[in-house]
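Scroll down for the structure; my scribbles are underneath it.
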Amino acid sequence: MKASETKILIVDDEPTVIAMFSVWLRKQELTCYSADSVVEAMAILKEHHVDLVITDIFMPGATGVDLLKWCKQTEREIPFIFITGTLDAEFVTQALNLGAKHLLPKPVTRNELVELVQEQIALIETDEKKREDDNQIKSELSDVRKKYIDEVAEKEVLFMAVIDSLAQAVSARDSYTHNHNRSVADYAVKVGMAMGLEEDVLTKLHIAGRLHDIGKIGVPEAILQKNGPLTDEEYDMMKQHPAVGSDILRTLPNFEDILDIVLYHHERYDGYGYPRGLVGEDIPLLARITAVCDAWDAMTSDRVYRKKLPVKEARKRIIEGAGTQLDAKVVKVFLTVIE
Ligand SMILES: [Fe+2]
């Protein structure tokens with residue numbers, strides 16, 4: 001800030017003081033405004049930017065301390081230098097409590113005033129520089145953050161497109177699977193929401209719902225499309241799909257929970273499921289949720305080997321499966337979701 005850009009307001013009811021101070025400060029190439037009362041000072045402060053106020057304390061009408069109070073109330077953070085003939089303790093305390101920078105007793109010499117004003121200007125410049133640096137840092141941080149958010153959003157879109165392509169690869173071989181994957185994903189997210197799960201967990205449920213049968217890509221089409229019961233050998237092949245699916249997805253980063261859902265979605269609560277025969281809560285919660293949604297959608301969709309069950313019958317079977325095939329706590333929540 002150039003000296004001439006620094007604006008000082010001198011407030012005093014004695015014209016000689018104003019004239020003297022103005023001459024001293026203008027010689028320093030500072031810009032000076034003057035007011036002979038607090039009311040006039042307020043009018044100037046409303047109209048102009050002022051960097052520093054030099055004011056008498058006692059003047060007819062309002063005091064210099066009143067002017068400082070008004071500045072605080074109107075959020076004008078301007079440093080004040082007070083000039084006073086009498087050091088009234090009450091006013092001095094009030095002024096200092098309000099953040100007055102200095103109190104100069106009258107008579108004020110030229111050197112005293114100029115030195116003090118220069119000191120204040122240096123402080124103002126330091127503050128201004130700090131504010132500019134802070135703003136610069138804030139603006140740079142905001143740019144970096146925006147770029148990061150954009151990049152993450154772009155990666156998420158790309159990632160979901162890859163997930164969809166993978167899901168599509170399965171449904172190209174088995175038309176049932178396409179809608180089934182979407183339905184399981186939707187139900188699983190609704191159950192997760194009803195259970196109060198966090199948003200990142202719901203995302204995992206959604207992705208796993210779309211991909212839980214990805215391993216069917218390794219099951220011959222003749223078995224997938226077979227219009228009738230599977231032989232033991234065929235059923236054994238079908239039972240490979242959770243393990244095949246989790247192997248396919250194993251290389252994806254941060255997919256551990258999703259792999260668990262894919263691998264364990266055919267486990268049964270009573271331990272008679274596959275591939276591991278896990279029992280009860282040893283089966284990950286997200287896999288237990290997906291199992292209920294999977295069972296429901298399988299029963300309420302047409303398959304090549306049978307027609308879909310009426311909703312009432314499917315509901316009855318889900319309730320019958322609670323505690324044996326399915327986790328009863330998840331079934332309870334699921335029933336509220338389908339209501
Ligand atoms: Fe499955």
Side-chain angles (χ1 to χ4, degrees), residues 163-164 166-192 204-250 252 255-279 282-306 308-309 314 317-318 321 324-327 330-331 334:
I163 298 294
D164 273 342
L166 282 171
Q168 201 66 29
V170 184
S171 57
R173 306 175 69 239
D174 178 6
S175 57
Y176 156 72
T177 319
H178 183 64
N179 290 333
H180 171 67
N181 289 340
R182 282 178 184 273
S183 302
V184 171
D186 287 349
Y187 282 127
V189 169
K190 283 177 188 160
V191 172
K204 287 173 182 170
L205 274 173
H206 175 80
I207 293 173
R210 301 295 297 271
L211 294 177
H212 70 283
D213 276 340
I214 183 96
K216 285 189 178 171
I217 212 158
V219 178
E221 231 163 291
I223 297 177
L224 289 176
Q225 309 271 6
K226 188 172 178 185
N227 184 6
L230 301 180
T231 64
D232 287 349
E233 197 188 340
E234 286 166 343
Y235 188 50
D236 281 343
M237 288 185 86
M238 189 62 126
K239 285 201 298 193
Q240 302 292 320
H241 80 270
V244 172
S246 70
D247 281 346
I248 290 172
L249 303 172
R250 197 163 297 282
L252 294 173
F255 247 55
E256 294 78 13
D257 293 339
I258 294 169
L259 287 185
D260 276 355
I261 302 174
V262 174
L263 184 59
Y264 300 126
H265 75 275
H266 282 291
E267 296 290 355
R268 289 175 53 111
Y269 201 75
D270 56 12
Y272 289 99
Y274 61 89
R276 297 268 300 276
L278 297 182
V279 183
D282 284 347
I283 307 165
L285 172 65
L286 304 187
R288 281 180 269 141
I289 293 174
T290 304
V292 174
C293 304
D294 190 21
W296 172 263
D297 195 66
M299 286 191 283
T300 55
S301 307
D302 285 330
R303 308 296 294 267
V304 273
Y305 51 88
R306 62 146 174 77
K308 65 182 176 188
L309 295 178
R317 291 198 191 183
I318 285 281
T324 52
Q325 181 192 349
L326 306 167
D327 179 349
V330 177
V331 168
F334 182 79

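Just so you know, ligand 1 is whichever comes first in the structure, and atom 1 is the first atom listed for that ligand. Position 1 is the first residue of the sequence, and the numbers go up from there.
Looking at Tyr264 and Arg276, their side chains do bring a donor and an acceptor atom within 3.5 Å of each other.
Between the Fe ion (ligand 1) and Asp294 there is no N/O/S contact shorter than 2.8 Å.
The Fe ion (ligand 1) is closest to atom OD1 of Asp213 (considering only N, O or S atoms). When distances from the Fe ion (ligand 1) to the N, O or S atoms of His266 are compared, NE2 comes out shortest. Taking the Fe ion (ligand 1) as reference, His241 places its N/O/S atom NE2 nearest.
Screening His241, Gln325, Lys239 for a side chain to side chain donor-acceptor pair (under 3.5 Å) involving His266 leaves a single residue, His241.
Between the side chain of Lys204 and the main chain of Ile207, no donor-acceptor pair closer than 3.5 Å is present. Side-chain N or O atoms of Glu267 include one that pairs as donor or acceptor with a backbone N or O of Leu278 at under 3.5 Å.
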